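Letters A, B, ... are given to chains in the order of the sequence lines, protein chains preceding strands, and every chain is numbered from 1. Since we're looking at a predicted model, the values are computed, not measured.
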Amino acid sequence: MPPKLFQSEILAIEPELGDASRVTISVPAGMANEVRPGQFVHILPRGEGTLDPLLRRPFSVMRPRPENQSVDILVRPFGRGSGWIARQKIGASLDVLGLLGNGFSINPSARNLLMVAGGVGAAPLVMLSEEAVEKGLNVTFLMGGATAAALLSPSQLPESVEYVVATDDGSQGHHGFVTDLAPNYVPWADQVFTCGPEMMFRSLRRALEPHRLHRKPPIQVSMERSMACGIGACLGCVVETKKGMSASCVDGPVYDLDLIDW
Amino acid sequence: MPPKLFQSEILAIEPELGDASRVTISVPAGMANEVRPGQFVHILPRGEGTLDPLLRRPFSVMRPRPENQSVDILVRPFGRGSGWIARQKIGASLDVLGLLGNGFSINPSARNLLMVAGGVGAAPLVMLSEEAVEKGLNVTFLMGGATAAALLSPSQLPESVEYVVATDDGSQGHHGFVTDLAPNYVPWADQVFTCGPEMMFRSLRRALEPHRLHRKPPIQVSMERSMACGIGACLGCVVETKKGMSASCVDGPVYDLDLIDW
Amino acid sequence: MTLPDISVDLAPNNPRELRLANPVIPASGCFGYGQEYAHLIDVQRLGAFVSKGITPKPRSGNPMPRIVETPAGMLNAIGLQNPGLRDFIKKYPPIWNDWTVPVIVNISAETVEDFVEMAATLDEVPGIAGLEVNVSCPNVNAGGFCFGWDADMTAEVTRAVRAVTTLPVIVKLSPGAIDIVEIAQAAEEAGADAVSLINTLVGMTIDTRRRKPILANQTGGLSGPAVKPVAVRMVYQVAQGVSIPIVGLGGITSLNDALEFFMAGASAIQVGTAMFVQPTIAMDLIDQLPVWLQQQGCESLADIIGSANPRFRAKLAVESAESAAV
Amino acid sequence: MTLPDISVDLAPNNPRELRLANPVIPASGCFGYGQEYAHLIDVQRLGAFVSKGITPKPRSGNPMPRIVETPAGMLNAIGLQNPGLRDFIKKYPPIWNDWTVPVIVNISAETVEDFVEMAATLDEVPGIAGLEVNVSCPNVNAGGFCFGWDADMTAEVTRAVRAVTTLPVIVKLSPGAIDIVEIAQAAEEAGADAVSLINTLVGMTIDTRRRKPILANQTGGLSGPAVKPVAVRMVYQVAQGVSIPIVGLGGITSLNDALEFFMAGASAIQVGTAMFVQPTIAMDLIDQLPVWLQQQGCESLADIIGSANPRFRAKLAVESAESAAV
Ligand SMILES: Cc1cc2nc3c(=O)[nH]c(=O)nc-3n(C[C@H](O)[C@H](O)[C@H](O)COP(=O)(O)OP(=O)(O)OC[C@H]3O[C@@H](n4cnc5c(N)ncnc54)[C@H](O)[C@@H]3O)c2cc1C
Ligand SMILES: Cc1cc2nc3c(=O)[nH]c(=O)nc-3n(C[C@H](O)[C@H](O)[C@H](O)COP(=O)(O)OP(=O)(O)OC[C@H]3O[C@@H](n4cnc5c(N)ncnc54)[C@H](O)[C@@H]3O)c2cc1C
Ligand SMILES: Cc1cc2nc3c(=O)[nH]c(=O)nc-3n(C[C@H](O)[C@H](O)[C@H](O)COP(=O)(O)O)c2cc1C
Ligand SMILES: Cc1cc2nc3c(=O)[nH]c(=O)nc-3n(C[C@H](O)[C@H](O)[C@H](O)COP(=O)(O)O)c2cc1C
Ligand code: FES
Ligand code: FES
């Protein structure tokens with residue numbers, strides 16, 4: 001399904017993961033069936049009669065809800081745009097462009113999947129985990145946050161997922177970074193998927209480096225770049241890859257970590 | 001009471017006068033007792049996290065409600081700023097600067113007062129009428145609007161007020177302009193008070209010209225100018241008077257019609 | 001009842017013409033090469049579109065971050081990322097040649113010779129309806145001083161491009177000039193078929209946590225609604241000073257914005273940043289403009305061009321009297 | 001624990017000094033003559049304020065409308081309404097003389113002689129702490145070309161004013177110049193104690209119903225958040241080119257905005273349009289700035305001035321090494 005511009009209605013808002021909210025928004029018929037984990041929607045973060053903030057903001061789909069033609073997104077009120085979205089109420093209307101971007105892809109031969117999530121970066125990995133479990137794959141989900149309150153509730157993940165957490169303040173799980181935990185799982189994992197702040201990717205790469213032979217397991221990463229158009233026209237969101245500049249809104253946001261030119 | 005900057009709460013919203021709303025907003029202690037008819041509040045027409053629209057918008061006080069420390073204003077959703085205010089809900093918070101401006105003044109010897117209102121210009125004249133009736137004065141209130149729906153409900157005026165209306169489409173009262181009605185009342189009126197679009201003032205002056213001897217009765221007019229500061233600093237809101245440029249936010253908005261240099 | 005005529009020729013003095021079915025044009029850098037939006041809108045219905053600025057050699061553009069939002073605007077420092085003239089010609093004009101929408105190619109260069117090379121090479125390439133010469137780039141032979149800030153340099157580029165192509169040539173002016181009318185006149189005299197304005201203003205925002213400019217390039221080009229008053233003013237002034245068509249742009253997000261430019265004296269408008277925000281905006285304008293004109297009792301778009309600019313209309317009247325007398 | 005020092009001297013090379021307890025200054029034209037805000041804020045706590053621009057003769061200003069809102073900004077065409085030098089001197093300085101807040105008087109003129117007349121007359125008037133020379137007005141002897149767009153004209157005005165007053169002189173630069181660094185350097189060399197920037201950009205908006213410009217004056221000065229990126233960029237560039245203090249302004253509405261200007265290289269900031277919108281903004285900044293500095297572990301405001309501008313800091317280091325060596 002090519003990207004569409006549509007008016008969406010906020011169907012539900014639930015607190016989740018620190019000060020973030022899980023927001024259920026309606027989508028056009030059929031869209032919830034087609035979304036792939038890693039794709040995102042581009043939301044206009046303002047109401048009628050104002051031109052500021054000007055640009056849309058991208059949010060990864062956390063969970064499709066084909067049963068009522070909607071998707072969940074996880075919104076952290078970080079700045080002006082996400083703050084506005086987070087302040088909206090049930091029933092409010094949002095101007096949305098989506099679905100955009102490519103998604104994570106699970107290799108046909110992969111059995112054991114390792115997820116490494118930082119903060120709201122958990123969103124697309126929730127969807128990926130649900131899909132993997134449905135396919136009968138084994139999933140370990142590593143989640144990091146500043147405090148226990150900033151972690152994803154285990155209820156958001158399928159029961160069969162092994163959920164391991166780390167907090168900066170030690171209030172739950174491992175006292176330290178989520179990337180400290182990852183090396184243990186390298187021998188087990190057939191693929192690694194990660195989403196979160198760019199600093200986390202760098203330290204993940206560093207942490208896993210000595211444990212990976214022949215760049216195995218492969219690591220897929222969802223990159224976060226400021227975006228204007230979301231459809232490949234502005235070249236504002238590029239990622240430097242070993243094959244050159246890549247517009248992360250269409251060619252990404254998911255990339256093979258080893259392809260990124262850091 | 002010098003002007004104050006305060007957070008106000010919307011206590012009530014009622015449809016009134018076409019697409020306009022009567023909005024009850026809370027004010028600081030004592031303010032509702034001090035407001036004089038013709039004074040206005042200067043409202044920031046935007047929420048958190050946006051800088052557009054940038055400037056405050058002035059609204060005349062329609063009715064003070066000292067009993068619950070609030071005032072009524074009449075908001076017509078005309079453009080971006082007033083539209084935003086009109087879309088707010090009960091319980092919303094407004095950033096308000098007020099009270100600003102001078103007010104209408106009733107001469108001690110005046111017994112018969114003529115009000116000439118166009119559209120939301122009725123707001124300050126409602127307050128003035130209530131005050132006049134309380135003082136035992138006689139009030140005739142001429143009101144003009146495009147259609148019957150655009151007229152002030154008579155319930156907004158004290159019972160003893162004579163309420164006469166005109167509509168552009170003839171759907172109620174006189175078929176034509178409110179200014180057509182005014183000349184009949186000149187012999188009776190000791191003072192005339194008017195508020196509405198500037199075109200109305202000009203035609204009122206023209207209509208009354210042949211009936212007024214020695215500029216009697218005197219006419220007070222509330223001028224509407226785009227305003228930035230509201231406190232005399234920017235000189236954006238001046239009115240050309242026979243005594244020179246006058247900042248209508250502090251020296252007005254109420255002027256003697258004959259002093260204005262048209 | 002037929003709707004008012006909104007077609008426009010942006011190169012009335014050029015035998016090759018630049019006839020557009022309507023005056024709505026996505027701006028350079030804001031519409032990629034046209035394919036990007038093809039899933040969202042009917043690209044063929046556009047008056048035209050301007051492709052992303054190309055340069056003689058491929059450019060990978062500036063490091064990241066390249067964009068940042070500002071109050072009612074944005075800064076960009078894309079750095080003219082593009083495949084370079086040769087690959088560009090192979091890849092895009094063949095596609096456009098099968099399209100009905102006229103495509104205007106935006107060319108950027110740091111020397112007059114580079115402008116000439118591109119203009120000459122593109123002259124006979126099928127699928128290209130016109131050139132937009134971006135004189136807002138720094139002139140490396142003038143110590144980084146921008147071509148478009150100087151009337152003589154603008155004239156030199158225009159003349160050189162004019163000499164090597166019969167394609168309609170639109171010179172795109174920079175708002176950094178002190179007297180934009182002088183620059184527009186220089187372009188007109190040197191043979192430009194039309195001028196477009198404005199390109200971006202130069203701005204910066206600082207990340208106060210990291211204590212450095214947000215853009216890796218430090219400065220970027222300011223666009224969007226924030227700059228609209230500057231753009232309208234410049235179009236209004238230029239309209240009084242030149243007789244070639246003007247393409248107005250800068251911050252257009254609505255029909256009312258577009259009307260401001262037409263009434264200031266623009267014959268066509270471009271939509272840049274707003275394409276990112278509301279991809280349907282160009283289509284909306286194409287649909288709304290004739291309806292609005294009809295409501296106003298206008299027979300054609302020409303009725304409102306410069307209608308808020310009496311000195312422009314007076315000049316127009318004199319010019320048409322003169323041409324009638326000939 | 002004492003809060004970090006935020007005092008600043010805007011005229012370090014002038015024996016009369018321009019010492020401010022804090023670097024927050026309401027801008028000219030946005031604070032009247034100081035009395036207007038006295039009911040709302042404690043004017044004496046301000047670092048200083050700049051009074052409305054005065055001219056040699058009284059001016060009644062432009063016809064109405066004089067202001068119009070634009071996206072995240074506003075246009076004004078007040079037209080320098082003011083009582084003229086003579087009445088001004090009688091009316092305001094005597095009041096200010098009893099105040100503790102330093103008052104900077106903004107002077108505007110269309111000829112060098114008029115600037116000289118005002119500067120000379122104001123030199124010994126009690127109650128005035130400094131002059132801000134507005135070179136953004138048209139020079140009638142140069143066909144309406146603005147003083148501040150030309151380095152030589154800016155130098156000429158500055159030199160002439162410098163010659164007749166010992167008051168601290170701040171030259172207020174226009175963003176219409178092509179190379180604002182060159183203009184700032186010209187002002188510095190001609191004896192300015194400091195520069196302030198930016199004044200407004202020239203803009204227009206059109207009333208599409210009435211089909212004419214909204215402002216009676218047609219064009220107006222664009223100010224407010226919309227222009228902030230342009231202002232920050234210019235301060236950043238000027239900071240690399242001059243050694244006198246810079247007063248930064250243009251669109252400041254928050255502490256973060258003010259910090260952008262400080263980090264770009266401004267020693268003090270002015271707040272213009274935001275005073276209209278949030279009359280307490282200057283007080284808020286005065287309260288917030290030292291707290292923020294303390295949270296960041298800064299000892300004084302100087303720690304962050306130019307902290308996002310490595311070339312400015314490098315120049316500063318060289319200069320202080322040189323002055324230590326002397
Ligand atoms: C593919 C993708 C998926 C995403 N998915 C999610 C998701 O699922 N959930 C989620 O919550 N978010 C997600 N994001 C991030 C989200 O889209 C927003 O970009 C983010 O919340 C910031 O936008 P904002 O409006 O909140 O912040 P803004 O206020 O716009 O700030 C934007 C950035 O600019 C910086 N900045 C701007 N001005 C200044 C200044 N003057 N000084 C210092 N810094 C400044 C801010 O620090 C910030 O980094 C995703 C982003 C991408 C690219
Ligand atoms: C003393 C005083 C008292 C007032 N009392 C009341 C009151 O009691 N009730 C009430 O409803 N209103 C009142 N007003 C008017 C109110 O304050 C607003 O100014 C008015 O509603 C317009 O603001 P806005 O935000 O709705 O319109 P905006 O969208 O800001 O438009 C403002 C004006 O600019 C024009 N404009 C702006 N841009 C364009 C463009 N591009 N093309 C064409 N035109 C343009 C609009 O036509 C309009 O006239 C009062 C005004 C004053 C001065
Ligand atoms: C991301 C981006 C890229 C741009 N690239 C170009 C370009 O390659 N060539 C050019 O002449 N103008 C370029 N521009 C400028 C626009 O074409 C336009 O002149 C400017 O953005 C003002 O219009 P707007 O306010 O409608 O965006 C670019 C603008 C943006 C925002
Ligand atoms: C209504 C108004 C009047 C102004 N009058 C003057 C003036 O008399 N002299 C002057 O130098 N600048 C004047 N300015 C410019 C401001 O001092 C300031 O340079 C400009 O508005 C940018 O700052 P801001 O964005 O914070 O408003 C005026 C600005 C406004 C909005
Ligand atoms: S956001 Fe525009 S190209 Fe990716
Ligand atoms: S609104 Fe600023 S002086 Fe009246």
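Within residues 203-220 of chain D, the residues having any heavy atom less than 4.5 Å from a heavy atom of chain C are, in residue-number order, Gly203(D), Met204(D), Thr205(D), Ile206(D), Thr208(D), Arg211(D), Lys212(D), Pro213(D), Gln218(D), Thr219(D). Residue-level contacts of residues 257-265 of chain C with chain D, in order of numbering, are Leu259(C), Glu260(C), Met263(C), Ala264(C); threshold 4.5 Å between heavy atoms.
With chain D as partner, the option from Val202(C), Thr70(C), Leu222(C) having the largest number of non-hydrogen pairs under 4.5 angstrom is Val202(C). Among Asn309(C), Ile304(C), Leu201(C), Asn256(C), the residue making the largest number of heavy-atom pairs under 4.5 Å with chain D is Asn256(C). Highest contact tally toward chain D, considering only Ala231(C), Pro71(C), Pro229(C), is held by Pro229(C) [criterion: heavy-atom pairs under 4.5 Å]. Counting heavy-atom pairs closer than 4.5 Å to chain C, the top residue among Tyr236(D), Phe145(D), Trp149(D) is Tyr236(D).
Closest heavy-atom contact between Gly176(D) and Ile178(C): O-CG1, 3.6 Å.
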